[in-house]
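In this chain, residues are counted from 1 in sequence order.
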Amino acid sequence: MSRLTPRRRCLIAVLAASLVLLPVMTTPAPTAAAAMVVSQDLDDMPFRNPELPVEQRVDDLLGRLTLDEKLSLLHQSQVAIPRLDIPYFKAGTEALHGVAWSNDIDNGWKQVLADRATVFPQAVGLASTWDPGLVRRVGSAVGEEARAYNELNPRQWGLQLWAPVVNLLRDPRWGRNEEGYSEDPTLTSDMATTYGKGLSGDDPTYLRTAPVLKHFYAYNNETNRSAGSSNVRAQLRHEYEYAAFRPAIEADAATGVMASYNEVNGRPTHVDRALNEDVRSWTDETLYNVSDAWGPHAVTQAQHFYDDETVAYAHVLKAGLDSFVVDDSDSKPMIATLRDALARDLITEADVDQAVTHVLTIRCRLGHFDPDGGPYAGTSPDVLNSPAHRRLNRQAAEEAVVLLRNDDDLLPLNPKKTKKVAVVGPLADTLFSDWYGGTMPYEVTPLDGIRERLGDGAVVTGVEGLDRVALRDTTSGRYLSATGTGSTDQVVATQGEPGEAAQWDVNEWMADVATLRNADNGRYLTGSFGPFNTSATTPTGWYVQQQFEFEEQPDGTVLLRYVGYETNESWWSLGNYVTVAADGTVGTGTKAQAARFEREVLRDGAAEAAEAAAEADAVVAVVGSNPFVYGREIHDRASMALGGSQQDLVDAVQEANPRTAVVLESSYPVTMDEDPGAFLWTTHAGSETGNAVAATLFGDSNPSGRLTQTWYGSDADLPQDVFDYDIVKTGQTYLYFEGEPGYPFGHGLSYTDFRYSDLRVDSKRVGKDGKITVTVDVKNTGSRAGAEVVQLYSHQRTSRTARPLQELEDFSRVTLAPGRTRTVRFRIDADQLAHWDVTRERWAVERSTYDLMVGSSAEDIRQTTAVRVDGEVIPPRDLAVATNAENFDDYDDALLVPTTKERGTSVAAGDQQAWVKFAASGFDRPTKFTASVAKGTQGAGTLEVRLGSPTGQLLASAPVAATGGEYDYNQVSVDTLLADVSGVRDVYLVLSPGVRVATFSLS
């Protein structure tokens, strides 16, 4: 059957309306009993007809479904409907940087890792290429491989892909930093759009796969993620958080969003009406929004926002989520709960139909109801890890490498003169995937890549450089020892000289969180919810039970503290320290019960690496993070510092041989005591990591990666509170950070040089609806071909509100041969310079001069010009009309909270006084103050209006009585103000503890 163009499909739809649609619409919906009988041949049913518009097909199918069948489609695991030949469908396959994993309904919902799919660089590494075209090709490859897996097992590998992650990398301590793209919304949205377009395919109607953006929204901490609230004021909600999600939805590069675990302004995102009222307003296409795993349960069980799960589920549905990811593959509890909601009139069948329509629309576009499966059906498994995808993977890995420093031009190394190389460090000969990565079908480690690059004529030595220690309990004299590799082979303390079973290779990954690998069996010391064993071949699992810390004691001994992730759970009660009983039994206990160990160093890893380094022509030290250790989903980091043993290794080899290049492989920014002179960074870059590293070290690939987030100089540059989402007040990200970064946003060096000249604009003055063309000449003045990422930033000189120091407006990756010049052109719509005007709750392009700056990073600006934009002057606030209190300009100690369970945001004071500021408010002698207030705590409070400052002239003081509940609002008013005010003044509302304000006016 031929595929029709959208135009021909529309023409046929006009004819079909009278021939097909009318009978369907006038035929009553089947009863439950009648629906079990197929009254006509399936292929004659309109929903099976690819020639009809999607909307008509979905309407037809919806009318044929029973209520229970409809409800079943609202679950992640959608049972088949054989009478209509509708196959089983599993929503949600993880595909963040390659097809990663799914759940197997036929094997107890077990997690199944992809082991034939291409594993590309982590998402933060893909973004560091600053190459949207490449990222789209990667998305296309991942989409093809997802289709191939679906062909192999459609029950296991669903075509709704939960990717990309577009949460902004506001704070590098976030445990899931590697899943996002950037701290900048423009770069993030560009990468998300191109990756999503690649996943979706190019057909105007059909989808190769259905990408879903994770996680909506303001989600950048793991600690207390299901019970904490992100305080996000209106300006940052629109300019920062929404700005990452909206462009991909507007570009039809995603088919929905996944709600995040957290609350935003006190309301769980799973019941946030923004899912319907904001997200769906960004496109005319139908979206299929999903919950996160267990998220609907969290509304009652963790967040306690509703006490009744039926009520919670009703609000999840009405908020705009169409898929409940709960109870693994069992949809029956959800169906029962939603039936209860229908019986109690909390939802209507029309609400169900609306959500089911969203589900069916995307499934129709995936080809599920086509007799032949649609144009993307039949994708061959030959695409899995194909030669073309391996070549693409290598290109992505090479472009992702960032050259951070290159003092004295040590790099690139000359392969003809480098005949003896020491490749040292714990990541020299190993690669890691991550929680959202598949199993690599092949691995090229840095040691492999360097050996391959230099060939048989060179001597390449690999040294892991780990300390080998024995841990002797000072009380019993026994040594901590392995007894086998099974889960019941408990670690014990043994007497006598420490054989290999009592020897441990120690690696301190980040901030001194260590793993201990047994020298005898090669397995890792593992917590295993109680008695320790050595069953793990690598640090992995949900709780990652292979993590320990050494605590130095004043007498020179050490305590061994267990820091598996389950120790952060409320139910953990075994104690966090390794204990040794008199009979040699090893267990866990309190710090007071902890065994004191003498750490006997049997092999000095740093010294061993330094010995190899001293004899080499060049040294490559490969250090970094393990994606499962010290930070991952459910666990944030407290520090960015490289682990002590790795820092010692770097210091030792640099001292032994100044011709040392350090390669840092990590999922996030890392700080070191002193940065190496020759310093490369790459994320965990998949199967081709080693080839990419070797190509960069020896100059076959000119480094062109750029950092996508600020690398701060130290932990002291970060706010103490990882929960503080107000980047304006905390000074986070390159947008507002005024300190000296370790490496700035957009930074990355090259082996060649680029000169910028003749920056110009087509007009020095434009209207608010005008367009600005910016051009600059970029010349490769070096001796090597290379790619430069030309970055365009703007800065608004004057504004009524705090504006960023600079904002990325656009970028262009250009490749130039030596001596060649390229004119790089950017096109900016003036409305791109708009910001969110809290006084009128809309976007505004202000009248101002805007600096336009081009350069190689946010700190390396090469050329600057300016444009006058004849935008609008935002008038003084009109407080005579009801003003939403959330639309303040500044605040202190104020919380944002729900006005009602369903809608609205209020300002609240917690257990101490708070204030909010409304700048530049216009007055014409107001006489009355009115406010909508609530106070759920006992006792009376006050709401004051002051001028000029929180302690300035008192204009009004309104008593606020306890209202009985935090959602019970009353109106208070003061009919006589204490001052005669006119002109433009700053107004402050000062709230006593417990007071909430929704709206107010001064009239």
Colleague: Which atom names give the shortest non-hydrogen contact between Thr300 and Tyr306, and what distance separates them?
Modeller: CG2-O, 3.1 Å
Colleague: State, yes or no, whether a side-chain contact exists between Arg637 and Tyr668 at a heavy-atom distance under 4.5 Å.
Modeller: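 Yes; the side chains approach each other to less than 4.5 Å.
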Colleague: Asp892: what forms a side-chain contact (heavy atoms from CB on, under 4.5 Å) with it, not counting sequence neighbours?
Modeller: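 Residues passing side-chain contact (heavy atoms from CB on, under 4.5 Å) with Asp892: Trp915.
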Colleague: Looking only at non-hydrogen atoms, find the nearest pair between Asp717 and Glu740 and report the distance.
Modeller: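 Of all heavy-atom pairs spanning Asp717 and Glu740, the closest is OD2-O, 4.3 Å.
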Colleague: Less than 4.5 Å apart, any side-chain heavy atom of Val271 and any of Phe305?
Modeller: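 The answer is yes, as the side chains (C-beta and beyond) meet within the 4.5 Å cut-off.
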Colleague: Can you list, pair by pair, the side-chain donor-acceptor contacts under 3.5 Å of residues 988-1003, counting residues two or more places apart and other chains?
Modeller:
| unit_1 | atom_1 | unit_2 | atom_2 | d |
| --- | --- | --- | --- | --- |
| Ser992 | OG | Thr942 | N | 2.8 |
| Ser992 | OG | Thr942 | O | 3.3 |
| Arg996 | NH2 | Glu966 | OE1 | 3.2 |

Colleague: For residues 258-282, pull every pair meeting ring-ring contact (aromatic ring centres under 6.0 Å, His included), keeping only residues two or more places apart or in separate chains.
Modeller: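 Listed once each, the pairs are Tyr242-Trp282.
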Colleague: Verify the distance criterion only: is there a donor paired with an acceptor across the side chains of Asp171 and Gln732 at less than 3.5 Å?
Modeller: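 Yes, side-chain donor-acceptor contact under 3.5 Å.
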Colleague: Test of understanding: with salt bridge (charged side-chain N to carboxylate O under 4.0 Å, His left out), list the residues that count as partners of Asp980, not counting sequence neighbours.
Modeller: Arg925
Colleague: Side-chain polar contacts of residues 832-845 - donor-acceptor pairs under 3.5 angstrom, sequence neighbours left out - could you list them?
Modeller:
| unit_1 | atom_1 | unit_2 | atom_2 | d |
| --- | --- | --- | --- | --- |
| Gln832 | NE2 | Glu809 | O | 3.0 |
| Gln832 | NE2 | Glu809 | OE1 | 2.8 |
| His835 | NE2 | Glu846 | OE1 | 2.7 |
| Asp837 | OD1 | Thr839 | N | 3.0 |
| Asp837 | OD1 | Thr839 | OG1 | 2.7 |
| Asp837 | OD2 | Thr839 | OG1 | 3.0 |
| Asp837 | OD2 | Arg840 | NE | 2.6 |
| Asp837 | OD2 | Arg840 | NH2 | 3.0 |
| Arg840 | NH1 | Glu872 | OE1 | 3.0 |
| Arg840 | NH2 | Glu872 | OE1 | 3.0 |
| Glu841 | OE2 | Asn884 | ND2 | 2.7 |
| Glu841 | OE2 | Asn887 | ND2 | 2.7 |
| Arg842 | NH1 | Glu872 | OE2 | 3.1 |
| Arg842 | NH2 | Glu872 | OE1 | 3.0 |

Colleague: Under 3.5 Å, is there a donor-acceptor pair between the Ser763 and Lys771 side chains?
Modeller: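 No pair is found: no donor N or O on one side chain lies under 3.5 Å from an acceptor on the other.
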Colleague: Taking all heavy atoms of Leu955 and all of Ala979, pick out the closest pair and write down the distance.
Modeller: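 The answer is CD1-O, 3.7 Å.
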Colleague: Would a distance-only check, ignoring hydrogens and angles, find a side-chain to backbone donor-acceptor pair under 3.5 Å from Asn177 to Trp174?
Modeller: no
Colleague: Got a sec, which residues hit side-chain contact (heavy atoms from CB on, under 4.5 Å) with Asp975, two or more places apart in sequence or on another chain?
Modeller: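 Result, side-chain contact (heavy atoms from CB on, under 4.5 Å) vs Asp975: Lys928, Ser973.
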Colleague: Going by the rule salt bridge (charged side-chain N to carboxylate O under 4.0 Å, His left out), which residues pair with Asp831 if we only count those two or more places apart in sequence or in a different chain?
Modeller: none
Colleague: How would you list, by chain and number, every residue that makes a salt bridge (charged side-chain N to carboxylate O under 4.0 Å, His left out) with Glu239, sequence neighbours excluded?
Modeller: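 Only Arg803 meet the salt bridge (charged side-chain N to carboxylate O under 4.0 Å, His left out) criterion with Glu239.
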Colleague: Residues in ring-ring contact (aromatic ring centres under 6.0 Å, His included) with Phe723, at least two apart?
Modeller: none
Colleague: State which residues pass salt bridge (charged side-chain N to carboxylate O under 4.0 Å, His left out) with Arg170; sequence neighbours excluded, sorted by chain then number.
Modeller: none
Colleague: For Gln709 and Tyr712, test the side chains for any donor-to-acceptor distance below 3.5 angstrom and give the result as yes or no.
Modeller: no
Colleague: Is it the case that the side chain of Ser260 and the backbone of Phe216 share a donor-acceptor pair, with hydrogens and angles ignored and the cut-off at 3.5 Å?
Modeller: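 Yes: the side chain of Ser260 pairs with the backbone of Phe216.
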Colleague: Which pair of heavy atoms, one from Ala314 and one from Leu346, lies closest together, and at what distance?
Modeller: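 The answer is CB-CB, 3.8 Å.
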Colleague: Considering only residues two or more places apart or on different chains, which pairs with a residue in residues 932-965 satisfy ring-ring contact (aromatic ring centres under 6.0 Å, His included)?
Modeller: none
Colleague: Check whether any side-chain heavy atom of Arg267 sits under 4.5 Å from a side-chain heavy atom of Gln303, and report yes or no.
Modeller: no
Colleague: Yes or no on side-chain contact (heavy atoms from CB on, under 4.5 Å) for Glu859 and Tyr734, after CA distance, side-chain angles and deciding distance?
Modeller: CA-CA 9 Å; Glu859 296 285 319; Tyr734 84 96; over 6 Å; no
Colleague: What are the two closest heavy atoms between Asn289 and Val257, and how far apart are they?
Modeller: OD1-N, 2.9 Å
Colleague: Looking only at non-hydrogen atoms, find the nearest pair between Ile727 and Thr733 and report the distance.
Modeller: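 Result for this residue pair: CD1-OG1, 4.0 Å.
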Colleague: Using the test ring-ring contact (aromatic ring centres under 6.0 Å, His included), find all partners of Phe888 that sit at least two apart in sequence or belong to another chain.
Modeller: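 For Phe888 the ring-ring contact (aromatic ring centres under 6.0 Å, His included) partners, ignoring immediate neighbours, are Tyr891.
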Colleague: Tell me, yes or no, whether the heavy-atom count around Asp721 atom CG, taken from other residues, nucleotides or ligands under 6.0 Å, exceeds 12.
Modeller: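 Check passes, neighbour count above 12.
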